[in-house]
Amino acid sequence: MALSSYKMHRIYLAATMNYGLGSDDPEELAYYNKIRKEMDDMKKEPIKKGITLNCGIAEEMEKLI
C-alpha cells in the first residue's frame, strides 16, 4: 500500500525536525530514512557564497561603462 500524502507529510516533518518516527512500518521507515539521508548529503555539500564573475564578463561590463 502506498503512503498517503498526509502520512508522507507527517514523516517529512518528523525527519526534518530530527524527531523519531515511532513506527515499525517498513514503508514509512524507508521514506523517513530517505529524507534523513538527503538532508545529511545536503549538509556535506559546501555552500557557495558571493557572486562569481567570469573575467570575460567583467571586461565586457567595463567596456559598456
Side-chain angles (χ1 to χ4, degrees):
M1 184 172 115
L3 292 173
S4 68
S5 60
Y6 175 78
K7 280 274 190 185
M8 291 174 72
H9 180 66
R10 300 287 290 198
I11 294 168
Y12 177 80
L13 288 176
T16 56
M17 296 180 75
N18 222 7
Y19 292 161
L21 185 57
S23 174
D24 292 333
D25 182 21
E27 193 172 6
E28 291 179 9
L29 286 171
Y31 186 66
Y32 178 84
N33 290 332
K34 176 186 162 200
I35 294 170
R36 293 295 305 159
K37 184 181 180 309
E38 288 175 0
M39 289 177 53
D40 291 341
D41 291 344
M42 283 191 291
K43 288 180 184 176
K44 291 178 185 176
E45 293 177 10
I47 298 173
K48 297 178 182 176
K49 296 182 179 178
I51 300 172
T52 57
L53 291 176
N54 188 347
C55 292
I57 293 173
E59 291 172 0
E60 288 179 28
M61 293 291 283
E62 289 176 3
K63 289 178 185 177
L64 294 175
I65 298 177

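The figures that follow rest on heavy atoms only: side chains count, while hydrogens, waters and symmetry mates do not. It should be emphasised that the depicted structure is a prediction, and the values quoted were computed from it without experimental measurement.
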Hydrophobic cluster membership, with links at side-chain heavy-atom distances under 4.5 Å among I/L/V/M/F/W/Y: are L13 and M8 in one? no
Answer yes or no: are there more than 12 heavy-atom neighbours, outside R10 itself, under 6.0 Å from its atom CZ? no
Distance in Å, E28 CD paired with I11 CD1, rounded so as to fall on 0.5 Å steps: 4.5 Å
Enter the distance from E45:CD to M42:CE here, rounded to the nearest 0.5 Å. 8.0 Å
With a 4.0 Å cut-off, would you call K37 and D41 a salt bridge? yes
Hey, what else clusters with M17 if you join Ile, Leu, Val, Met, Phe, Trp, Tyr whenever side-chain heavy atoms sit under 4.5 Å? Y19
A15 and I35 have their tightest heavy-atom pair at CB-CG2, 3.6 Å
Tell me the closest heavy-atom pair linking A14 and G20, and the distance in Å. CB-O, 4.2 Å
